[in-house]
Amino acid sequence: VSLDKLVEKSEGLFIYARLLAETIDEGSEIITEKTLDDLPNGIDEYYEQQFNRIFNIECNTEWYDCMEWKVVGFIVVAEEPLHMEFLQQLTGVSKTQALKEVIKKLSRFFPEYNDKRVHTYHKSLADWLKRDDNGSDFYVDLNEQEKIFAEKCWDILNDCKIPGSTAADQ
């Protein structure tokens, strides 16, 4: 297998090589000249391919309506990793196990660490999802998603019944 060809496909990004190695480990696929030609060109194409796999296989509805995409939107607009309990409140998922199943499907790119927070695997992923020119259907409209995030946070505050936290108290 041509190392030069792999470097070309990766566009010199180590993250591409690492993700590719993880993909190969999962599928026990051997890289040949033919499979090397079929690899995505660059990290953007890799993300596109993987998101197509996740959202076309995992969602029973249109991908943008499924819970996995809603979770991705909240994670991408958050300024820091989201705690699982808070993510459960944001999504309205009533059962912790159901949310854990969603996170499991997204875990290659949005892992839950020991701190019970869901992290973004790499900054390049969040950057790709935020770019409306990424050549993909998978785009998080920051203005829209930040509005949804703020409304959900407001609803959570109102549910806490903290004096001065509800619209009626204003």
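The chain is numbered in sequence order, starting from 1.
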Nearest-0.5 Å distance, [atom1] of residue [X] to [atom2] of residue [Y]:
X	Y	atom1	atom2	result
Tyr139	Glu144	OH	CD	10.5 Å
Asp132	Asp141	CG	CG	8.5 Å
Phe86	Thr91	CZ	OG1	10.5 Å
Gln49	Leu39	CD	CG	8.0 Å
Leu142	Arg131	CG	CZ	12.5 Å
Leu90	Lys152	CG	NZ	8.0 Å

Problem - Asn114, CG atom: more than 12 neighbouring heavy atoms under 6.0 Å - result: no

Practice task
Return yes if some donor-acceptor pair links the side-chain N/O of His122 with the main-chain N/O of Ser124 below 3.5 Å, else return no.
Solution key: yes

Problem - Donor-acceptor contact below 3.5 Å, side chain Gln88 vs main chain Val93 - result: yes

Exercise for the section: Please work out whether the ring planes of Tyr46 and Phe109 are parallel, tilted or perpendicular, with thresholds of 30° and 60°. Expected result: perpendicular

Practice task
Please work out whether the ring planes of Tyr47 and Trp128 are parallel, tilted or perpendicular, with thresholds of 30° and 60°.
Solution key: tilted

Problem - Modelled atom types, side-chain donor and acceptor of Gln97 and Glu101, under 3.5 Å - result: yes

Problem - Side-chain donor-acceptor pair present, Glu112, Ser107, cut-off under 3.5 Å - result: no

